[in-house]
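First the structure, in the form of C-alpha coordinates, and then the observations on it.
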Number of protein chains: 2
Amino acid sequence: MTGGGPYRLDDQVGYILRLVSQRHASLFLSRLGSDLTPTQFAALVRLAELGQCSQNELGRQTAMDVATIKGVVDRLRGKGMVEQTADPGDKRRSLLSLSEKGRSMIAGLHATGHAVTTDTLEPLDARERDVFLSLLRRLA
Amino acid sequence: MTGGGPYRLDDQVGYILRLVSQRHASLFLSRLGSDLTPTQFAALVRLAELGQCSQNELGRQTAMDVATIKGVVDRLRGKGMVEQTADPGDKRRSLLSLSEKGRSMIAGLHATGHAVTTDTLEPLDARERDVFLSLLRRLA
DNA sequence: GCCTCATTATTCGTATACAAACGAAAATGG
DNA sequence: CCATTTTCGTTTGTATACGAATAATGAGGC
(Lines give C-alpha, C1' and ligand atoms only; values in the text may rest on other atoms or scores of the structure.)
Protein backbone atom coordinates (compact mmCIF):
# COMPACT_ATOMS: atom_id res chain seq x y z
CA MET A 1 0.00 0.00 0.00
CA THR A 2 2.65 2.47 1.04
CA GLY A 3 5.80 1.37 -0.81
CA GLY A 4 6.09 1.07 -4.57
CA GLY A 5 5.64 -2.18 -6.39
CA PRO A 6 2.77 -3.20 -8.64
CA TYR A 7 -0.87 -2.77 -7.65
CA ARG A 8 -2.13 -6.02 -6.13
CA LEU A 9 -5.66 -6.90 -5.15
CA ASP A 10 -4.37 -8.83 -2.13
CA ASP A 11 -2.90 -5.64 -0.70
CA GLN A 12 -6.14 -3.63 -0.88
CA VAL A 13 -7.87 -3.09 2.44
CA GLY A 14 -11.32 -3.47 0.90
CA TYR A 15 -10.49 -6.91 -0.41
CA ILE A 16 -8.97 -8.10 2.86
CA LEU A 17 -11.96 -6.73 4.77
CA ARG A 18 -14.19 -8.90 2.61
CA LEU A 19 -12.11 -12.01 3.39
CA VAL A 20 -12.27 -11.33 7.12
CA SER A 21 -16.02 -10.66 6.97
CA GLN A 22 -16.56 -13.93 5.13
CA ARG A 23 -14.59 -15.84 7.75
CA HIS A 24 -16.60 -14.10 10.47
CA ALA A 25 -19.83 -15.04 8.66
CA SER A 26 -18.70 -18.63 8.48
CA LEU A 27 -17.92 -18.72 12.21
CA PHE A 28 -21.27 -17.10 12.90
CA LEU A 29 -23.07 -19.73 10.80
CA SER A 30 -21.30 -22.55 12.58
CA ARG A 31 -22.55 -21.31 15.94
CA LEU A 32 -26.00 -19.97 15.03
CA GLY A 33 -26.89 -22.41 12.27
CA SER A 34 -29.77 -21.09 10.19
CA ASP A 35 -31.71 -19.66 13.14
CA LEU A 36 -30.51 -16.13 12.61
CA THR A 37 -28.35 -14.25 10.15
CA PRO A 38 -25.71 -11.77 11.38
CA THR A 39 -27.95 -8.92 10.30
CA GLN A 40 -30.98 -10.28 12.14
CA PHE A 41 -28.78 -10.91 15.15
CA ALA A 42 -27.56 -7.29 15.17
CA ALA A 43 -31.11 -5.98 14.91
CA LEU A 44 -32.31 -8.16 17.80
CA VAL A 45 -29.42 -7.36 20.09
CA ARG A 46 -29.68 -3.64 19.40
CA LEU A 47 -33.42 -3.69 19.99
CA ALA A 48 -32.77 -5.34 23.33
CA GLU A 49 -30.40 -2.47 24.18
CA LEU A 50 -32.93 0.17 23.11
CA GLY A 51 -36.05 -1.41 24.55
CA GLN A 52 -38.34 0.20 22.01
CA CYS A 53 -37.77 2.38 18.98
CA SER A 54 -38.99 3.15 15.47
CA GLN A 55 -38.01 1.09 12.46
CA ASN A 56 -35.98 3.90 10.94
CA GLU A 57 -34.18 4.42 14.23
CA LEU A 58 -33.35 0.72 14.50
CA GLY A 59 -31.97 0.89 10.96
CA ARG A 60 -29.81 3.86 11.86
CA GLN A 61 -28.63 2.18 15.06
CA THR A 62 -27.62 -0.94 13.17
CA ALA A 63 -26.17 0.73 10.08
CA MET A 64 -28.87 -0.57 7.76
CA ASP A 65 -30.57 1.13 4.85
CA VAL A 66 -34.33 1.82 5.20
CA ALA A 67 -35.18 -0.84 2.64
CA THR A 68 -32.89 -3.35 4.32
CA ILE A 69 -34.22 -2.86 7.85
CA LYS A 70 -37.76 -3.24 6.49
CA GLY A 71 -36.90 -6.71 5.23
CA VAL A 72 -34.96 -7.71 8.35
CA VAL A 73 -37.80 -6.57 10.64
CA ASP A 74 -40.34 -8.41 8.49
CA ARG A 75 -38.37 -11.62 8.87
CA LEU A 76 -37.89 -11.15 12.62
CA ARG A 77 -41.60 -10.50 12.99
CA GLY A 78 -42.26 -13.58 10.90
CA LYS A 79 -40.13 -15.56 13.35
CA GLY A 80 -42.15 -14.09 16.23
CA MET A 81 -39.13 -12.39 17.81
CA VAL A 82 -40.15 -8.77 17.29
CA GLU A 83 -43.43 -6.94 17.72
CA GLN A 84 -44.62 -3.80 16.00
CA THR A 85 -47.17 -1.25 17.15
CA ALA A 86 -48.31 2.10 15.84
CA ASP A 87 -46.87 5.20 17.50
CA PRO A 88 -49.84 7.02 19.14
CA GLY A 89 -47.97 10.30 18.80
CA ASP A 90 -46.87 10.02 15.16
CA LYS A 91 -48.91 8.27 12.48
CA ARG A 92 -45.88 7.86 10.25
CA ARG A 93 -44.01 5.72 12.75
CA SER A 94 -44.23 2.18 13.90
CA LEU A 95 -42.64 1.16 17.18
CA LEU A 96 -40.67 -2.03 17.55
CA SER A 97 -39.88 -4.08 20.61
CA LEU A 98 -38.86 -7.61 21.40
CA SER A 99 -41.59 -10.18 21.88
CA GLU A 100 -41.51 -12.50 24.88
CA LYS A 101 -39.81 -15.03 22.62
CA GLY A 102 -37.24 -12.48 21.54
CA ARG A 103 -36.51 -11.42 25.10
CA SER A 104 -36.03 -15.02 26.17
CA MET A 105 -33.31 -15.46 23.53
CA ILE A 106 -31.16 -12.47 24.38
CA ALA A 107 -28.95 -13.89 27.10
CA GLY A 108 -28.11 -16.86 24.90
CA LEU A 109 -27.48 -14.58 21.93
CA HIS A 110 -25.08 -12.48 23.99
CA ALA A 111 -23.13 -15.59 24.92
CA THR A 112 -23.07 -16.82 21.32
CA GLY A 113 -22.13 -13.41 19.97
CA HIS A 114 -19.31 -13.20 22.46
CA ALA A 115 -18.06 -16.62 21.35
CA VAL A 116 -18.16 -15.64 17.66
CA THR A 117 -16.17 -12.50 18.37
CA THR A 118 -13.63 -14.55 20.31
CA ASP A 119 -13.43 -17.11 17.48
CA THR A 120 -12.92 -14.39 14.91
CA LEU A 121 -10.08 -12.75 16.85
CA GLU A 122 -8.46 -16.05 17.88
CA PRO A 123 -5.39 -15.63 15.62
CA LEU A 124 -4.36 -12.56 17.66
CA ASP A 125 -3.12 -12.42 21.25
CA ALA A 126 -4.80 -10.17 23.84
CA ARG A 127 -2.66 -7.12 23.20
CA GLU A 128 -2.92 -7.47 19.41
CA ARG A 129 -6.72 -7.71 19.71
CA ASP A 130 -6.87 -4.46 21.62
CA VAL A 131 -4.63 -2.75 19.11
CA PHE A 132 -6.57 -4.16 16.15
CA LEU A 133 -10.01 -3.20 17.51
CA SER A 134 -8.79 0.24 18.41
CA LEU A 135 -7.49 0.85 14.88
CA LEU A 136 -10.56 -0.78 13.26
CA ARG A 137 -12.90 1.54 15.22
CA ARG A 138 -11.04 4.55 13.90
CA LEU A 139 -11.79 3.44 10.36
CA ALA A 140 -15.52 3.14 10.97
CA MET B 1 -14.41 -7.87 24.28
CA THR B 2 -11.70 -8.66 26.79
CA GLY B 3 -12.83 -7.15 30.09
CA GLY B 4 -16.17 -7.85 31.78
CA GLY B 5 -19.08 -5.48 31.35
CA PRO B 6 -22.31 -6.04 29.48
CA TYR B 7 -22.41 -7.40 25.94
CA ARG B 8 -22.56 -4.53 23.46
CA LEU B 9 -23.08 -4.72 19.73
CA ASP B 10 -20.66 -1.81 19.23
CA ASP B 11 -17.84 -3.90 20.72
CA GLN B 12 -18.33 -6.88 18.36
CA VAL B 13 -15.74 -7.20 15.63
CA GLY B 14 -18.28 -8.39 13.08
CA TYR B 15 -20.38 -5.27 13.55
CA ILE B 16 -17.41 -2.91 13.33
CA LEU B 17 -16.17 -4.73 10.22
CA ARG B 18 -19.53 -4.02 8.62
CA LEU B 19 -19.26 -0.30 9.43
CA VAL B 20 -15.76 -0.11 7.96
CA SER B 21 -16.82 -2.04 4.86
CA GLN B 22 -19.73 0.33 4.34
CA ARG B 23 -17.46 3.35 4.62
CA HIS B 24 -15.08 1.71 2.14
CA ALA B 25 -18.00 1.04 -0.23
CA SER B 26 -19.04 4.66 0.01
CA LEU B 27 -15.51 5.88 -0.79
CA PHE B 28 -15.38 3.41 -3.67
CA LEU B 29 -18.70 4.70 -5.03
CA SER B 30 -17.55 8.31 -4.81
CA ARG B 31 -14.53 7.53 -7.01
CA LEU B 32 -15.93 4.91 -9.37
CA GLY B 33 -19.47 6.20 -9.68
CA SER B 34 -21.79 3.55 -11.07
CA ASP B 35 -19.29 2.24 -13.63
CA LEU B 36 -18.19 -0.71 -11.53
CA THR B 37 -19.07 -2.24 -8.19
CA PRO B 38 -16.32 -3.31 -5.76
CA THR B 39 -16.98 -6.94 -6.66
CA GLN B 40 -16.77 -6.30 -10.39
CA PHE B 41 -13.61 -4.28 -9.80
CA ALA B 42 -11.99 -7.14 -7.88
CA ALA B 43 -12.86 -9.62 -10.64
CA LEU B 44 -11.44 -7.36 -13.37
CA VAL B 45 -8.23 -6.55 -11.54
CA ARG B 46 -7.64 -10.20 -10.63
CA LEU B 47 -8.31 -11.31 -14.20
CA ALA B 48 -5.70 -8.79 -15.35
CA GLU B 49 -3.22 -10.40 -12.94
CA LEU B 50 -4.05 -13.92 -14.14
CA GLY B 51 -4.29 -13.21 -17.87
CA GLN B 52 -6.70 -16.04 -18.49
CA CYS B 53 -8.46 -18.54 -16.25
CA SER B 54 -11.68 -20.49 -15.75
CA GLN B 55 -14.74 -18.99 -14.15
CA ASN B 56 -14.46 -21.19 -11.09
CA GLU B 57 -10.81 -20.27 -10.70
CA LEU B 58 -11.62 -16.56 -10.91
CA GLY B 59 -14.24 -17.08 -8.23
CA ARG B 60 -11.76 -18.82 -5.98
CA GLN B 61 -9.13 -16.14 -6.61
CA THR B 62 -11.59 -13.40 -5.68
CA ALA B 63 -13.28 -15.19 -2.76
CA MET B 64 -16.62 -15.47 -4.52
CA ASP B 65 -19.14 -18.27 -4.46
CA VAL B 66 -19.76 -20.13 -7.77
CA ALA B 67 -23.22 -18.59 -8.12
CA THR B 68 -21.89 -15.13 -7.32
CA ILE B 69 -19.01 -15.20 -9.83
CA LYS B 70 -21.45 -16.37 -12.52
CA GLY B 71 -23.49 -13.20 -12.06
CA VAL B 72 -20.46 -10.92 -11.82
CA VAL B 73 -18.93 -12.39 -14.98
CA ASP B 74 -22.26 -12.07 -16.81
CA ARG B 75 -22.42 -8.39 -15.96
CA LEU B 76 -18.79 -7.77 -16.92
CA ARG B 77 -19.38 -9.53 -20.22
CA GLY B 78 -22.51 -7.45 -20.68
CA LYS B 79 -20.36 -4.34 -20.22
CA GLY B 80 -17.95 -5.68 -22.82
CA MET B 81 -15.01 -5.84 -20.39
CA VAL B 82 -14.53 -9.61 -20.25
CA GLU B 83 -14.52 -12.30 -22.92
CA GLN B 84 -15.35 -15.96 -22.53
CA THR B 85 -14.26 -18.88 -24.71
CA ALA B 86 -14.62 -22.61 -24.40
CA ASP B 87 -11.64 -24.57 -23.08
CA PRO B 88 -10.50 -26.85 -25.94
CA GLY B 89 -9.08 -29.30 -23.41
CA ASP B 90 -12.08 -29.52 -21.06
CA LYS B 91 -15.70 -29.27 -22.19
CA ARG B 92 -16.88 -28.30 -18.74
CA ARG B 93 -14.80 -25.16 -18.56
CA SER B 94 -15.06 -21.73 -19.99
CA LEU B 95 -12.00 -19.52 -20.14
CA LEU B 96 -12.15 -15.87 -19.25
CA SER B 97 -9.90 -13.02 -20.26
CA LEU B 98 -10.11 -9.26 -20.49
CA SER B 99 -11.39 -7.73 -23.69
CA GLU B 100 -9.53 -4.89 -25.35
CA LYS B 101 -11.88 -2.53 -23.53
CA GLY B 102 -11.14 -4.23 -20.23
CA ARG B 103 -7.39 -4.12 -20.77
CA SER B 104 -7.54 -0.43 -21.58
CA MET B 105 -9.16 0.27 -18.22
CA ILE B 106 -6.71 -1.52 -15.96
CA ALA B 107 -4.09 1.18 -15.42
CA GLY B 108 -6.80 3.64 -14.48
CA LEU B 109 -8.46 1.09 -12.20
CA HIS B 110 -5.17 0.47 -10.41
CA ALA B 111 -4.80 4.20 -9.76
CA THR B 112 -8.39 4.49 -8.56
CA GLY B 113 -8.14 1.40 -6.39
CA HIS B 114 -4.98 2.73 -4.83
CA ALA B 115 -6.73 6.01 -4.06
CA VAL B 116 -9.71 4.24 -2.47
CA THR B 117 -7.37 2.22 -0.25
CA THR B 118 -5.56 5.41 0.75
CA ASP B 119 -8.87 7.15 1.47
CA THR B 120 -10.08 4.25 3.58
CA LEU B 121 -6.91 4.16 5.70
CA GLU B 122 -6.64 7.95 5.96
CA PRO B 123 -7.54 8.09 9.69
CA LEU B 124 -4.36 6.11 10.49
CA ASP B 125 -0.75 7.24 10.17
CA ALA B 126 1.77 5.22 8.16
CA ARG B 127 2.92 3.01 11.01
CA GLU B 128 -0.62 2.37 12.24
CA ARG B 129 -1.64 1.36 8.70
CA ASP B 130 1.12 -1.22 8.53
CA VAL B 131 0.17 -2.59 11.93
CA PHE B 132 -3.52 -2.65 11.06
CA LEU B 133 -3.06 -4.37 7.68
CA SER B 134 -0.71 -6.90 9.21
CA LEU B 135 -3.24 -7.82 11.91
CA LEU B 136 -6.17 -7.74 9.46
CA ARG B 137 -4.40 -10.20 7.14
CA ARG B 138 -3.96 -12.61 10.01
CA LEU B 139 -7.72 -12.68 10.51
CA ALA B 140 -8.46 -13.55 6.88
C1' DG C 1 -14.06 -50.51 -20.22
C1' DC C 2 -16.77 -49.56 -16.16
C1' DC C 3 -17.85 -47.51 -11.89
C1' DT C 4 -17.23 -44.00 -8.51
C1' DC C 5 -15.85 -39.61 -7.19
C1' DA C 6 -14.59 -34.93 -8.22
C1' DT C 7 -14.97 -30.77 -10.93
C1' DT C 8 -17.29 -27.13 -13.71
C1' DA C 9 -20.97 -24.26 -14.46
C1' DT C 10 -25.94 -23.36 -14.14
C1' DT C 11 -30.15 -22.75 -11.68
C1' DC C 12 -33.16 -21.82 -7.80
C1' DG C 13 -34.31 -19.88 -3.49
C1' DT C 14 -33.48 -16.81 0.30
C1' DA C 15 -31.23 -12.85 2.46
C1' DT C 16 -29.01 -8.75 2.38
C1' DA C 17 -27.55 -4.01 0.43
C1' DC C 18 -28.73 0.25 -1.25
C1' DA C 19 -30.29 4.09 -4.53
C1' DA C 20 -34.32 6.25 -5.99
C1' DA C 21 -39.14 7.29 -6.12
C1' DC C 22 -43.43 7.68 -3.76
C1' DG C 23 -47.29 8.80 -0.45
C1' DA C 24 -48.57 10.20 4.09
C1' DA C 25 -47.64 12.77 8.06
C1' DA C 26 -45.08 15.99 10.89
C1' DA C 27 -42.02 20.04 11.42
C1' DT C 28 -40.57 24.54 10.14
C1' DG C 29 -40.66 29.25 8.67
C1' DG C 30 -42.90 33.30 6.91
C1' DC D 1 -52.73 29.65 8.76
C1' DC D 2 -50.28 28.11 4.66
C1' DA D 3 -46.58 26.54 1.88
C1' DT D 4 -42.41 24.15 1.92
C1' DT D 5 -39.25 20.97 3.79
C1' DT D 6 -38.27 16.97 6.36
C1' DT D 7 -39.27 12.47 8.16
C1' DC D 8 -41.20 7.76 8.10
C1' DG D 9 -42.01 3.66 5.91
C1' DT D 10 -43.02 1.19 1.50
C1' DT D 11 -41.94 -0.20 -3.06
C1' DT D 12 -39.10 -1.12 -7.09
C1' DG D 13 -34.97 -2.37 -9.29
C1' DT D 14 -30.26 -3.98 -9.42
C1' DA D 15 -26.29 -6.32 -7.35
C1' DT D 16 -24.27 -9.32 -4.45
C1' DA D 17 -23.92 -13.62 -1.30
C1' DC D 18 -24.31 -18.30 -0.66
C1' DG D 19 -26.37 -23.05 0.22
C1' DA D 20 -28.22 -26.78 -2.26
C1' DA D 21 -29.49 -29.34 -6.27
C1' DT D 22 -28.58 -30.57 -11.01
C1' DA D 23 -26.37 -32.08 -15.43
C1' DA D 24 -22.31 -32.74 -18.05
C1' DT D 25 -17.63 -33.91 -18.11
C1' DG D 26 -13.16 -35.51 -16.49
C1' DA D 27 -10.06 -38.23 -13.24
C1' DG D 28 -8.80 -42.29 -11.00
C1' DG D 29 -8.98 -47.02 -9.61
C1' DC D 30 -10.13 -51.80 -10.41
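Chain letters run A, B, ... following the sequence lines, proteins first and then strands; every chain starts at 1. Any value given below was found using the heavy atoms of this structure, including those in side chains, with hydrogens, waters and symmetry copies removed. Keep in mind it's a predicted model, so treat the numbers as computed, not measured.
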[N] [atom2] sits how many Å from [X] [atom1], rounded?
| X | N | atom1 | atom2 | answer |
| --- | --- | --- | --- | --- |
| B:Arg18 | C:dA15 | CZ | C1' | 13 Å |
| A:Asn56 | C:dA24 | CG | C1' | 14 Å |
| A:Asp90 | C:dA27 | CG | C1' | 10 Å |
| B:Lys91 | C:dA6 | NZ | C1' | 18 Å |
| B:Arg60 | C:dA9 | CZ | C1' | 12 Å |
| A:Ile69 | C:dA15 | CD1 | C1' | 13 Å |
| A:Asp87 | C:dA25 | CG | C1' | 12 Å |
| B:Tyr15 | C:dT16 | OH | P | 15 Å |

Considering just the side-chain nitrogens and oxygens of [X], establish if one lies under 4.0 Å of OP1 or OP2 belonging to [N].
| X | N | result |
| --- | --- | --- |
| A:Thr37 | C:dT16 | yes |
| A:Arg75 | C:dT16 | yes |
| B:Gln55 | C:dT10 | yes |
| B:Arg92 | C:dA9 | no |

| message | If you assign B:Ala25 and B:Ser54 each to the DNA chain C nucleotide with the nearest heavy atom, which residue ends up on the more 5' nucleotide? | response | B:Ser54
| message | Taking the nucleotide of DNA chain C with the nearest heavy atom to each, does A:Thr39 or A:Gly89 sit closer to the 5' end? | response | A:Thr39
| task | Report the C-alpha distance between B:Met81 and B:Arg103 in whole Å, list the side-chain angles of each, state the deciding distance to 0.1 Å, and finish with yes or no for side-chain contact (heavy atoms from CB on, under 4.5 Å). | result | CA-CA 8 Å; B:Met81 298 170 181; B:Arg103 275 193 293 275; over 6 Å; no
| task | Hey, can you tell me if B:Tyr7 and A:Phe41 have their rings parallel, tilted or perpendicular (30° and 60° cut-offs)? | result | perpendicular
| query | Can the positive tip of A:Arg127 be found less than 6.0 Å from the middle of the six-membered ring of A:Phe132, inside 45° of the ring normal? | reply | no
| said: Let me test you: for the helix from C:dG1-D:dC30 to C:dG30-D:dC1, what is the angle between the axes at its two ends (five pairs each), rounded to 10 degrees? | reply: 30°
Taking the basic N atoms (NZ, or NE/NH1/NH2) and the acidic carboxylate oxygens, is any pair closer than 4.0 Å for [X] and [Y]?
| X | Y | answer |
| --- | --- | --- |
| A:Lys70 | A:Asp74 | yes |
| B:Arg23 | B:Asp119 | no |
| A:Asp11 | B:Arg137 | yes |
| B:Glu57 | B:Arg93 | no |

| said: Among residues at least two apart in sequence or on other chains, which ones pass side chain to side chain donor-acceptor pair (under 3.5 Å) with B:Ser104? | reply: none
Using the side-chain heavy atoms of [X], tell me which of these nucleotides is nearest: [options].
| X | options | answer |
| --- | --- | --- |
| A:Asp65 | C:dC18, C:dA26, C:dA9 | C:dC18 |
| B:Ala67 | C:dA15, C:dC12, C:dA9 | C:dC12 |
| A:Thr68 | C:dA24, C:dT16, C:dA19 | C:dT16 |

| request: Just call it for B:Ser94: base, sugar-phosphate, or nothing, with non-hydrogen atoms closer than 4.0 Å on any strand. | output: sugar-phosphate
| request: Starting from the C-alpha separation in whole Å, work towards a yes-or-no answer on salt bridge (Lys or Arg N to Asp or Glu O under 4.0 Å) for B:Asp65 and B:Arg60. | output: CA-CA 8 Å; B:Asp65 183 85; B:Arg60 284 193 288 272; over 6 Å; no
| When you match B:Lys79 and B:Val66 each to their closest nucleotide on DNA chain D, which lands nearer the 5' end? | B:Lys79
| message | For a 4.0 angstrom threshold against heavy atoms of chain B, report the outermost contacting nucleotides of DNA chain D in 5' to 3' order. | response | D:dA15 to D:dG26
| Would a 4.5 Å heavy-atom cut-off, applied to side chains only, mark A:Thr118 and A:Glu122 as touching? | no
